[in-house]
Protein chains: 2
Amino acid sequence: MKVSYERVRTYLKDHNVNPSFNRVKIMEYLIDQKNHPTAEQIYKELKKDLPTLSKATIYNSINAFAGAGLVKTIMGEGKEAHYDAVVDPHGHFLCEICQGCYDFDLSNDKFEFAEIEGFIIKDKEVYLRGICKKCLEDN
Amino acid sequence: MKVSYERVRTYLKDHNVNPSFNRVKIMEYLIDQKNHPTAEQIYKELKKDLPTLSKATIYNSINAFAGAGLVKTIMGEGKEAHYDAVVDPHGHFLCEICQGCYDFDLSNDKFEFAEIEGFIIKDKEVYLRGICKKCLEDN
DNA sequence: TTCTCTGCAAACGCTTTGCACGGAT
DNA sequence: ATCCGTGCAAAGCGTTTGCAGAGAA
């Protein structure tokens, strides 16, 4: 389920993020990946195609995306941040063994409890922690 | 709503955490506080009573607590971790302005959606982000 | 030109670790 | 004597930042 370069380019431009080549590639990767990569993972993977790519550019780009609301940061088990291209509301399951990050559906009607009087709520996140199917089967 | 030193001591011992003086004081603080302190906050506050206290001891102690399941780590807006003595299930509201952390109730019946086939779920967390009442009133 | 992205390297800041001291059993 | 918590300082590590060079408009 690949997204075309041109489409990502437009997507960024529409959200007021200057669509440089690197940024498009990074966002493209974020959208295509299901596994919520860390900066390191993005770096390693994209470096195959973009040998001069630097970590600083990864972080700068992601911060630009996050500022535009296009990317969310997920803090998992380790100390590295995982990044998630924003799409529909969904929760995250974090495996304590493989440190993987899985999406799961959030049926929105069960999520409407989240209101606090006098507070402005801009974002809602649900995390589950435990052991994923794959790690259970492997043991 | 202070917890007695002796009670915290017993609490730690019952969970196989050696209840040293510092550890009891740190856990005492975590239980008494409503504001989910950072390591820095714990350090500053407890240093008034325990002038020789070091940051390393704070971290070591908290890690001991976390290993025993007595403390949860909350990643807020900043890069510092907030620590929360585990009690009843509740969610956390994170203010993007004052970076404060507020509890809110999680009526459990609305939280039961969280099941994934083939996965073991050990923990559930809900985060809300936005602007807290106090910051709204101050502006 | 002017603006901004890029990439290297250095800086930052939170957390962890090595090690020697000291108290408790 | 042994074990373990403590505290200082140093190391680690993910992330951010300063700055010069390159590219686009």
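Just so it is clear, the values below take in all heavy atoms, side chains as well, and ignore hydrogens, waters and symmetry mates. So you know, we letter chains A, B, ... as the sequences are listed, proteins then strands, and number each from 1.
Minimum atom distance to the side chain of Ser61(A) is reached by dT6(C), of the listed dG7(D), dT6(C), dG7(C). For Thr52(B), counting side-chain heavy atoms from C-beta on, the closest listed nucleotide (dG5(D), dG7(D), dT6(C)) is dG7(D).
Distance alone, capped at 3.5 Å, places no donor-acceptor pair between the His82(A) side chain and the Ile74(A) backbone. Between the side chain of Lys122(B) and the main chain of Ile131(A), no donor-acceptor pair closer than 3.5 Å is present. Put simply, the side chain of Arg23(B) gets close to the backbone of Asn18(B): a donor and an acceptor are under 3.5 Å apart.
The existence of a salt bridge linking Asp32(A) and Lys2(A) is confirmed by a sub-4.0 Å separation between a basic side-chain nitrogen and an acidic carboxylate oxygen. Salt bridge annotation for Glu137(A)-Lys134(A): absent, with no cationic side-chain nitrogen under 4.0 angstrom from a carboxylate oxygen.
Regarding Phe65(B), its CZ atom lies at a distance of 11 Å from the P atom of dG5(D), rounded to whole Å. Between Lys13(B) atom NZ and dG5(D) atom P the separation is 14 Å, expressed in whole Å. Between Tyr43(B) atom OH and dC8(D) atom C1' there is a gap of 10 Å when expressed in whole angstrom units. Distance, Met27(B) CE to dG5(D) C1': 16 Å, rounded to whole Å. Taking atom CG on Asn18(B) and atom C1' on dT6(D), their separation rounds to 13 Å, with Å as the unit. To the nearest angstrom, P of dC5(C) lies 15 Å from CD1 of Ile58(A). Spacing between atom NZ of Lys25(B) and atom P of dT6(D) amounts to 13 Å, rounded to whole angstrom units.
Between Asn22(B) and dG5(D) there is no side-chain polar atom (N or O) within less than 4.0 angstrom of OP1 or OP2. Here Thr57(B) reaches the OP1 or OP2 of dG7(D): one of its side-chain N or O atoms lies under 4.0 Å away.
Within the nucleic acid shown, Ser20(A) comes within 4.0 Å of sugar-phosphate atoms alone, with no base atom in reach, counting heavy atoms only.
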- When every nucleotide of nucleotides 9-18 of chain C is labelled 5' to 3' by its protein contacts under 4.0 Å (heavy atoms), B for base, S for sugar-phosphate only, - for none, what sequence of letters results? -----SBBB-
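Between Arg23(B) and Lys47(B), the one whose closest nucleotide on DNA chain D sits nearer the 5' end is Arg23(B).
Ring centroid separation for the pair Phe65(A) and Tyr83(A) does not come in under the 6.0 Å cut-off.
Side-chain atoms of His36(A) and Asp103(A), non-hydrogen and from C-beta on, do get closer than 4.5 Å to each other.
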